[in-house]
Amino acid sequence: MSDVDLAVRLLRATPTHENRSDGQLRTWAEIALAYGDELADGEDSGEIQVVEREGGVSDGELLIAEHQRGIVVVYTGALRRVEELAQARGWPVTRETLRRAAVAHELAHHRLDVRELNRRLGHTAFRLGPLRLRGHVAGAEEIAAHRFAHHRSGLAVSPLLITTALAGGN
């Protein structure tokens with residue numbers, strides 16, 4: 001399955017998109033993936049501090065990493081869970097590449113310009129005559145960050161595929 005197909009699947013599972021056409025979701029997925037490609041091709045703006053903490057697993061939810069005030073926190077319990085899933089699927093990934101992908105994903109969130117992404121997506125939430133209120137496409141930022149992480153980490157499997165498998169959809 002391609003990243004576009006996986007991204008469409010993730011958008012389809014987002015509650016605000018259940019009645020959107022496949023064509024609309026595909027267009028948004030392609031735009032978000034292209035934006036992630038652009039971000040990954042950009043220059044690095046310096047080092048980012050990374051710390052590891054135990055945890056990241058609670059009530060069936062995983063938090064692999066998060067960005068907190070200039071520091072990326074990687075949760076080792078969640079990272080282990082993802083590594084176990086990957087090994088069970090026979091995917092050629094290591095804990096280190098998963099860790100790099102998690103850090104890159106958080107870095108992408110820190111770098112991406114939500115207003116620019118929304119402009120490119122072109123979703124209109126409200127229109128009154130010539131006035132238009134641009135809407136937010138839920139899930140698009142995640143898709144862009146996953147694509148960035150894939151490029152920057154060297155991960156052999158798409159982060160979108162991992163996310164889909166974690167969600168029980170593959």
Side-chain angles (χ1 to χ4, degrees), residues 1-50 56 61-75 78 82 98-155 157-170:
M1 189 173 280
S2 74
D3 271 359
V4 173
D5 293 330
L6 291 166
V8 168
R9 182 181 281 188
L10 290 172
L11 288 172
R12 172 73 57 217
T14 304
T16 59
H17 302 313
E18 61 269 295
N19 294 318
R20 307 247 188 238
S21 72
D22 284 341
Q24 180 66 75
L25 296 179
R26 182 166 290 280
T27 298
W28 285 342
E30 290 168 349
I31 291 167
L33 289 167
Y35 189 68
D37 291 340
E38 265 183 55
L39 283 176
D41 289 341
E43 294 292 320
D44 282 331
S45 59
E47 290 289 316
I48 189 156
Q49 185 179 359
V50 180
E61 290 186 14
L62 291 180
L63 177 61
I64 300 168
E66 64 182 334
H67 190 271
Q68 298 176 347
R69 296 181 289 262
I71 299 170
V72 173
V73 178
V74 176
Y75 294 99
V82 175
L98 289 169
R99 183 182 183 278
R100 278 197 312 263
V103 170
H105 181 96
E106 293 307 314
L107 181 60
H109 278 299
H110 183 66
R111 286 187 179 173
L112 69 83
D113 180 342
V114 175
R115 293 178 83 190
E116 175 59 18
L117 178 57
N118 286 339
R119 185 194 66 73
R120 291 178 187 202
L121 292 164
H123 175 50
T124 299
F126 179 75
R127 183 180 300 249
L128 181 62
L131 300 175
R132 178 178 111 160
L133 179 62
R134 192 171 314 283
H136 175 76
V137 176
E141 293 172 48
E142 284 300 310
I143 291 167
H146 279 10
R147 183 60 153 247
F148 178 96
H150 196 189
H151 284 300
R152 289 293 182 97
S153 67
L155 195 59
V157 177
S158 170
L160 288 163
L161 181 60
I162 294 170
T163 299
T164 302
L166 287 168
N170 191 5

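- Here the two rings, on His146 and His150, have centers that are 6.0 Å apart or farther.
- In this structure, Arg134 contributes its side chain and Gly122 its backbone to no donor-acceptor pair below 3.5 Å.
- Put simply, the side chain of Ser158 gets close to the backbone of Leu160: a donor and an acceptor are under 3.5 Å apart.
- Summarising the geometry of Gly56 relative to Ala78, their closest heavy-atom pair is O-CB, 3.6 Å, with the distance given to 0.1 Å.
- Residue Glu61 places its CD atom among 12 or fewer non-hydrogen atoms of other residues, nucleotides or ligands, all under 6.0 Å distant.
- How far CZ of Arg9 is from OG1 of Thr163: 12.5 Å, rounded to the nearest 0.5 Å.
- When side chains are defined from C-beta on, Glu38 does not count as touching Glu116, because their heavy atoms never get closer than 4.5 Å.
- Side-chain contact between Leu11 and Arg26: absent, with no pair of heavy atoms (C-beta onward) separated by less than 4.5 Å.
- Listed for the His17 side chain is a donor-acceptor partner under 3.5 Å among the backbone atoms of Ala138.
- The two residues Trp28 and Val137 come nearest to each other via the heavy atoms CE3-CG1, 3.5 Å.
- Note that CD of Glu106 and CD of Gln68 are 9.5 Å apart. Values are rounded to the nearest 0.5 Å.
- Closest non-hydrogen pair, Ile48 versus Gly70, comes out as CG1-O, 3.7 Å.
- Ile143 contributes atom CD1, which lies 7.5 Å from atom OG1 of Thr14 (distance to the nearest 0.5 angstrom).
- Contact record, Leu6 with Leu161: CD1-N, 3.6 Å, taken as the closest heavy-atom pair.
- Only one option out of Glu66, Arg147, Glu142 pairs with His105 in a side chain to side chain donor-acceptor pair (under 3.5 Å); it is Glu142.
- Using a 4.5 Å cut-off on side-chain heavy atoms (C-beta onward), Phe148 and His109 make no contact.
- The distance from atom CD1 of Ile64 to atom CD1 of Ile162, rounded to the nearest 0.5 Å, is 8.0 Å.
- Using a 30° and 60° split on the angle between ring planes, His67 and His110 fall in the parallel class, below 30°.
- In this structure a side-chain-to-backbone donor-acceptor pair under 3.5 Å is present from Tyr35 to Asp113.
- Remark: Leu10 CG to Thr164 OG1 distance equals 4.0 Å, nearest 0.5 Å.
- When atom types are taken as modelled, the side chain of Arg100 and the backbone of Ala149 share no donor-acceptor pair closer than 3.5 angstrom.
- One finds the CZ atom of Arg12 at 4.5 Å from the CG atom of Leu25 (value rounded to the nearest 0.5 Å).
- Between Leu112 and Glu141 the shortest side-chain heavy-atom distance falls below 4.5 Å.
- Residues Ala29 and Val4 come closest through the heavy atom pair CB-O, 4.1 Å.
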